[in-house]
Asker: 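One structure is given below, represented as structure tokens, and several questions about it will come after.
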Amino acid sequence: MKGYLPQIVCGLSLLLGLSIGWYFGYTRPAIRMHRLDEEVLKETGMSGKEAAKAVPEALAAIKREDESTALVSLKAVGMLNRGDIERAEKYLAYWVGSYYRVYQGQGGDSNLLKEIKAVAATNKFVEAEISKNPGK
């Protein structure tokens with residue numbers, strides 16, 4: 001029996017090491033991922049898998065928004081480069097007014113809407129745009 005004691009201790013140590021490794025290496029990350037999945041479900045109403053499937057569509061929407069912003073900005077920069085400041089101001093005021101008309105009272109960013117109103121008090125083009133009836 002005395003000859004087997006080191007082998008038994010070694011085997012038990014190995015078993016204990018494997019158990020601890022499995023616990024911290026597998027179960028803890030699995031629990032963490034489960035909690036993350038629950039958070040995603042709570043915030044979005046989608047499972048983690050559904051949210052992962054929605055990511056490409058969301059990224060495509062962000063890309064379209066970025067492209068639109070770049071196009072508007074590029075056109076305004078062109079006007080400014082040609083020295084047509086008033087035309088650029090009218091052009092940009094249209095986009096500001098468009099946001100204001102669509103989102104005023106309908107879930108728009110309240111800080112942005114306040115800022116638009118403040119600018120409208122000092123800018124005739126923005127004032128004219130936000131004064132238009134929605135849909136015009």
Side-chain angles (χ1 to χ4, degrees):
M1 179 77 176
K2 204 173 196 184
Y4 293 111
L5 188 60
Q7 293 170 343
I8 292 171
V9 171
C10 185
L12 288 175
S13 296
L14 178 63
L15 186 60
L16 180 64
L18 287 172
S19 299
I20 291 171
W22 175 79
Y23 178 75
F24 286 107
Y26 174 75
T27 60
R28 304 299 293 167
I31 291 169
R32 202 172 315 134
M33 288 306 296
H34 179 70
R35 287 185 182 145
L36 179 62
D37 197 43
E38 287 176 344
E39 271 186 52
V40 168
L41 180 61
K42 181 180 168 186
E43 291 293 324
T44 65
M46 294 187 277
S47 71
K49 288 181 182 178
E50 291 170 332
K53 287 180 183 177
V55 167
E57 186 178 316
L59 292 175
I62 291 169
K63 182 182 177 202
R64 285 190 301 274
E65 184 178 322
D66 290 345
E67 288 170 347
S68 296
T69 302
L71 285 169
V72 168
S73 301
L74 188 61
K75 188 167 181 179
V77 166
M79 291 175 194
L80 292 170
N81 283 343
R82 291 188 298 277
D84 200 350
I85 295 170
E86 186 173 307
R87 185 171 177 211
E89 201 171 2
K90 285 180 184 177
Y91 176 74
L92 292 171
Y94 165 80
W95 293 102
V96 172
S98 176
Y99 177 88
Y100 186 86
R101 289 188 304 274
V102 170
Y103 294 105
Q104 177 193 14
Q106 295 183 14
D109 181 299
S110 60
N111 291 328
L112 180 56
L113 293 168
K114 286 177 190 174
E115 191 172 340
I116 291 170
K117 284 185 100 169
V119 170
T122 62
N123 186 288
K124 63 183 178 183
F125 301 119
V126 174
E127 172 59 36
E129 286 296 332
I130 70 169
S131 298
K132 289 181 179 178
N133 290 329
K136 287 190 177 181

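All figures in this text were calculated on a predicted structure; none of them were measured in a lab.
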Asker: Within a reach of under 6.0 Å around CD of E67, are more than 12 heavy atoms found that belong to other residues, nucleotides or ligands?
Answerer: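 More than 12 heavy atoms, drawn from other residues, nucleotides or ligands, come within 6.0 Å of this atom.
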Asker: Determine the interplanar angle of the Y99 and Y103 rings, folded into 0 to 90°, and report it as parallel if under 30°, tilted if 30 to 60°, perpendicular if over 60°.
Answerer: tilted
Asker: List the atom of A76, the atom of L92, and the distance in Å for their closest heavy-atom pair.
Answerer: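 In this case the closest contact between A76 and L92 is CB-CD2, 3.8 Å.
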Asker: Roughly how far apart are Q104 CD and I116 CD1, rounded to 0.5 Å?
Answerer: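 So the gap between those two atoms works out to 9.5 Å.
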Asker: Answer whether the closest heavy-atom distance between the side chains of I20 and L16 falls below 4.5 Å.
Answerer: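 Answer yes - side chains close enough.
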Asker: Rounded to the nearest 0.5 Å, how far apart are NZ of K124 and CD of E86?
Answerer: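 With rounding to 0.5 Å, NZ (K124) is 5.5 Å from CD (E86).
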Asker: Could you tell me whether the side chain of E129 reaches within less than 4.5 Å of the side chain of R101, counting heavy atoms only?
Answerer: yes
Asker: Between R35 and E39, does any NZ, NE, NH1 or NH2 come within less than 4.0 Å of an OD or OE carboxylate oxygen?
Answerer: no
Asker: From Q106 CD over to L113 CG, what is the distance, rounded to the nearest 0.5 angstrom?
Answerer: 10.5 Å
Asker: Is a side-chain N or O of T69 found less than 3.5 angstrom from the main chain of E65, in a donor-acceptor match?
Answerer: yes
Asker: Can you confirm whether more than 12 heavy atoms, excluding those of I31, are under 6.0 Å from its CD1 atom?
Answerer: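 Yes.
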Asker: Side chains of K42 and E38: closer than 4.5 Å at any heavy-atom pair?
Answerer: no
Asker: Check for me, please, whether L41 and M33 land in the same ILVMFWY cluster - side-chain distances under 4.5 Å, paths through other members count.
Answerer: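 In one cluster with L41: M33, no.
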Asker: Once side-chain hydrogen bond (donor to acceptor under 3.5 Å, both in side chains) is applied, do any residues pair with D109, and if so which ones, sequence neighbours excluded?
Answerer: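 Not a single residue meets the side-chain hydrogen bond (donor to acceptor under 3.5 Å, both in side chains) criterion with D109.
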Asker: Should V96 and F125 be counted in the same cluster of Ile, Leu, Val, Met, Phe, Trp and Tyr side chains packed under 4.5 Å apart?
Answerer: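 No, separate clusters.
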Asker: Counting only heavy atoms not in E50 (residues, nucleotides, ligands), do more than 12 fall under 6.0 Å from its CD?
Answerer: yes
Asker: To the nearest 0.5 Å, what is the distance between CD on E127 and NZ on K117?
Answerer: 9.5 Å
Asker: So, taking the atom named OG1 in T27 and the one named NE2 in H34, what distance separates them when rounded to the nearest 0.5 Å?
Answerer: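 T27 atom OG1 to H34 atom NE2 measures 13.5 Å (nearest 0.5 Å).
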Asker: Taking V102 as the starting point, is it possible to reach V126 by hopping between hydrophobic residues whose side chains are less than 4.5 Å apart?
Answerer: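 Yes; tracing contacts between hydrophobic side chains, which count when under 4.5 Å, links both residues.
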Asker: Work out which heavy atom in L80 is nearest to a heavy atom in A88; give both atom names and the distance.
Answerer: CD2-CB, 3.8 Å
Asker: In Å, rounded to the nearest 0.5 Å, how long is the span from OG of S13 to CG of L18?
Answerer: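 Reported value, rounded in 0.5 Å steps: 11.0 Å.
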